[in-house]
Amino acid sequence: VDRPCEPRGMSVPRRRRTAAFRGDDADSLYLRALIECNPLAIVVLRADGSIVDCNKAFEDLFGYSREEVILRRLDELIVPDEEREEALQLTDRARAGEQVHAEVRRVHKAGHHLEVAVHGVEVSVGGKHSGVFAIYEDISERKRAQEALQQSERRSRTLFEHVPDPIFIFDKASNLFLDCNSAVERIYGYSRDELRSKTPYDLHPPEDYLKVHENIAVANVDAPQTYVHLTKDGRKMNVEILSDDIVWEGRLAWISIVR
């Protein structure tokens with residue numbers, strides 16, 4: 001069983017404690033415990049950017065011990081050289097009283113990069129600016145997952161675009177087209193923007209409307225339906241359509257492959 005978190009601040013020499021955490025009274029101990037036991041990395045800076053305190057989560061995230069960082073400038077420890085200017089701007093904004101939120105890259109003591117979300121606010125004592133309070137959240141895993149998802153979406157989009165058969169996607173509720181592949185534009189003559197104001201009925205002659213109405217809400221992935229389709233210029237084509245339901249950008253939709 002994990003031991004309950006205890007504030008390590010009481011073991012830090014008194015000269016190293018910030019004004020907000022100095023003292024052995026109950027309020028100071030409670031505040032110290034809130035910071036020390038916080039799962040997010042917390043660091044407190046002086047007005048000159050030097051570190052006066054940090055919690056264990058900060059040590060764990062960046063690989064430095066508290067003793068290694070006290071009185072050192074934060075930017076020199078964890079900010080990549082190419083992002084120093086951006087880091088200075090974030091600090092200046094926090095000093096000016098702005099609540100700063102940003103997703104940035106920072107450097108671990110071992111040299112590898114971390115993707116973090118940083119939240120910074122001004123620390124003011126008696127109306128006088130005395131430093132910056134910053135919180136760091138490791139978002140590296142989320143960023144990797146996002147990149148993997150984006151790569152998967154790019155691969156899927158590439159396959160979608162290069163399928164030689166026309167593919168239509170239309171909304172279940174409104175029947176409006178949501179998307180199509182390049183084959184649709186090439187064969188039917190409509191651009192994607194033009195199709196988004198149309199429904200499947202616009203691709204059929206009037207005598208097929210009843211059949212379309214009867215089948216439009218029925219998946220026929222195993223039983224293709226035969227229709228006559230109309231191109232933008234009025235040309236008729238005999239086609240077979242295979243359809244199935246999907247979720248497209250959060251909306252219930254149909255995907256139809258035309259052959």
Side-chain angles (χ1 to χ4, degrees), residues 80 82-83 86 101-108 111-118 137-205 208-209 211-259:
E82 64 273 17
E83 299 191 22
E86 178 196 27
H101 307 280
E103 292 186 359
V104 297
R105 280 197 318 156
R106 292 298 181 255
V107 181
H108 188 274
H112 58 271
H113 286 87
L114 300 169
E115 299 285 346
V116 297
V118 59
E137 179 184 4
D138 187 359
I139 59 172
S140 300
E141 285 298 325
R142 173 161 67 83
K143 284 288 189 179
R144 282 192 285 270
Q146 287 177 344
E147 178 58 28
L149 178 61
Q150 290 169 359
Q151 289 181 357
S152 176
E153 290 175 345
R154 286 193 291 268
R155 287 193 294 268
S156 297
R157 188 74 204 188
T158 298
L159 291 172
F160 178 75
E161 289 294 346
H162 286 82
V163 171
D165 295 322
I167 300 177
F168 294 89
I169 296 171
F170 61 96
D171 183 68
K172 278 191 174 185
S174 67
N175 289 331
L176 288 170
F177 287 114
L178 302 175
D179 206 348
C180 67
N181 67 349
S182 299
V184 170
E185 296 179 297
R186 184 180 71 255
I187 295 172
Y188 286 80
Y190 291 105
S191 69
R192 283 180 172 85
D193 287 340
E194 288 176 313
L195 273 177
R196 290 190 177 104
S197 64
K198 299 185 181 300
T199 73
Y201 291 96
D202 294 306
L203 302 181
H204 296 268
D208 278 359
Y209 285 178
K211 181 179 179 181
V212 173
H213 178 74
E214 291 173 346
N215 293 326
I216 200 167
V218 180
N220 49 48
V221 68
D222 296 319
Q225 298 292 317
T226 302
Y227 295 97
V228 172
H229 262 187
L230 301 176
T231 62
K232 183 178 180 179
D233 61 9
R235 181 168 51 90
K236 293 184 177 181
M237 302 185 300
N238 293 317
V239 298
E240 285 188 342
I241 301 178
L242 293 168
S243 298
D244 202 359
D245 54 346
I246 62 169
V247 176
W248 186 262
E249 297 180 351
R251 301 168 71 171
L252 296 177
W254 292 106
I255 181 169
S256 295
I257 302 175
V258 180
R259 293 173 180 166

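Computation of the quantities below employed the complete heavy-atom set of this structure, encompassing side-chain atoms and omitting hydrogens, waters and symmetry-equivalent molecules.
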For residues His213 and Tyr201, determine if any side-chain heavy atom of one lies less than 4.5 Å from a side-chain heavy atom of the other.
-> yes
Please test Leu242 against Arg259 for side chain to side chain contact (heavy atoms under 4.5 Å, CB included), starting from the C-alpha separation and ending with a verdict.
-> CA-CA 8 Å; Leu242 293 168; Arg259 293 173 180 166; 3.6 Å; yes
May I have the step-by-step check of side chain to side chain contact (heavy atoms under 4.5 Å, CB included) for Asn215 and Tyr227, ending in yes or no?
-> CA-CA 11 Å; Asn215 293 326; Tyr227 295 97; 3.2 Å; yes
Where Tyr190 and Lys198 come nearest, the two heavy atoms and their spacing = CE2-CE, 3.4 Å
When rounded to the nearest 0.5 angstrom, what distance separates CD in Glu83 from CZ in Arg106?
-> 6.0 Å
When every non-hydrogen atom of Phe160 is compared with those of Cys180, the smallest separation belongs to CE2-O, 3.3 Å
So do the side chains of Trp248 and Ile255 get within less than 4.5 Å of each other, counting heavy atoms only?
-> no
With sequence neighbours excluded, residues passing salt bridge (Lys or Arg N to Asp or Glu O under 4.0 Å) with Lys211 = none
Please step through side chain to side chain contact (heavy atoms under 4.5 Å, CB included) for the pair Val247 and Leu252, ending with a clear verdict.
-> CA-CA 5 Å; Val247 176; Leu252 296 177; 4.0 Å; yes
How about Lys236 and Leu230: do any of their side-chain heavy atoms sit closer than 4.5 Å?
-> yes
Residues Glu153, Arg157; criterion salt bridge (Lys or Arg N to Asp or Glu O under 4.0 Å); working and verdict = CA-CA 6 Å; Glu153 290 175 345; Arg157 188 74 204 188; over 6 Å; no
If every non-hydrogen atom of Ser140 is compared with every non-hydrogen atom of Asp138, which pair is closest and at what distance?
-> OG-OD1, 2.8 Å
The salt bridge (Lys or Arg N to Asp or Glu O under 4.0 Å) partners of Glu147 (sequence neighbours excluded) come to Arg154
Carboxylate-amine/guanidinium contact Arg142 Glu103, below 4.0 Å | yes
Apply salt bridge (Lys or Arg N to Asp or Glu O under 4.0 Å) to Asp193 and list each qualifying residue two or more places apart in sequence or on a separate chain.
-> Arg196
4.5 Å side-chain heavy-atom contact, Glu240 and Gln225 | no
CG-CD1 distance between Asn181 and Ile169, expressed to the nearest 0.5 angstrom = 8.5 Å
Should Leu178 and Arg251 be marked as a side chain to side chain contact (heavy atoms under 4.5 Å, CB included) after you check the CA-CA gap, both sets of side-chain angles, and the distance that decides it?
-> CA-CA 10 Å; Leu178 302 175; Arg251 301 168 71 171; 3.5 Å; yes
Value for CG (Leu159) from CD1 (Ile167), rounded to nearest 0.5 Å, stands at 9.5 Å
For the pair Tyr188 and Phe168, evaluate ring pair (Phe, Tyr, Trp, His ring centres under 6.0 Å) and give the outcome as yes or no after the intermediate values.
-> CA-CA 11 Å; Tyr188 286 80; Phe168 294 89; 5.2 Å; yes
Return yes when atom NE2 of His112 has more than 12 non-hydrogen atoms of other residues, nucleotides or ligands closer than 6.0 Å, and no otherwise.
-> yes
Do Pro200 and Phe177 come within less than 4.5 Å of each other through their side chains, counting heavy atoms only?
-> yes
Arg105 bridged to Glu82 by N-O distance under 4.0 Å = yes
Testing Ile187, Val258, Val228 for side-chain contact (heavy atoms from CB on, under 4.5 Å) with Met237, which one passes?
-> Ile187
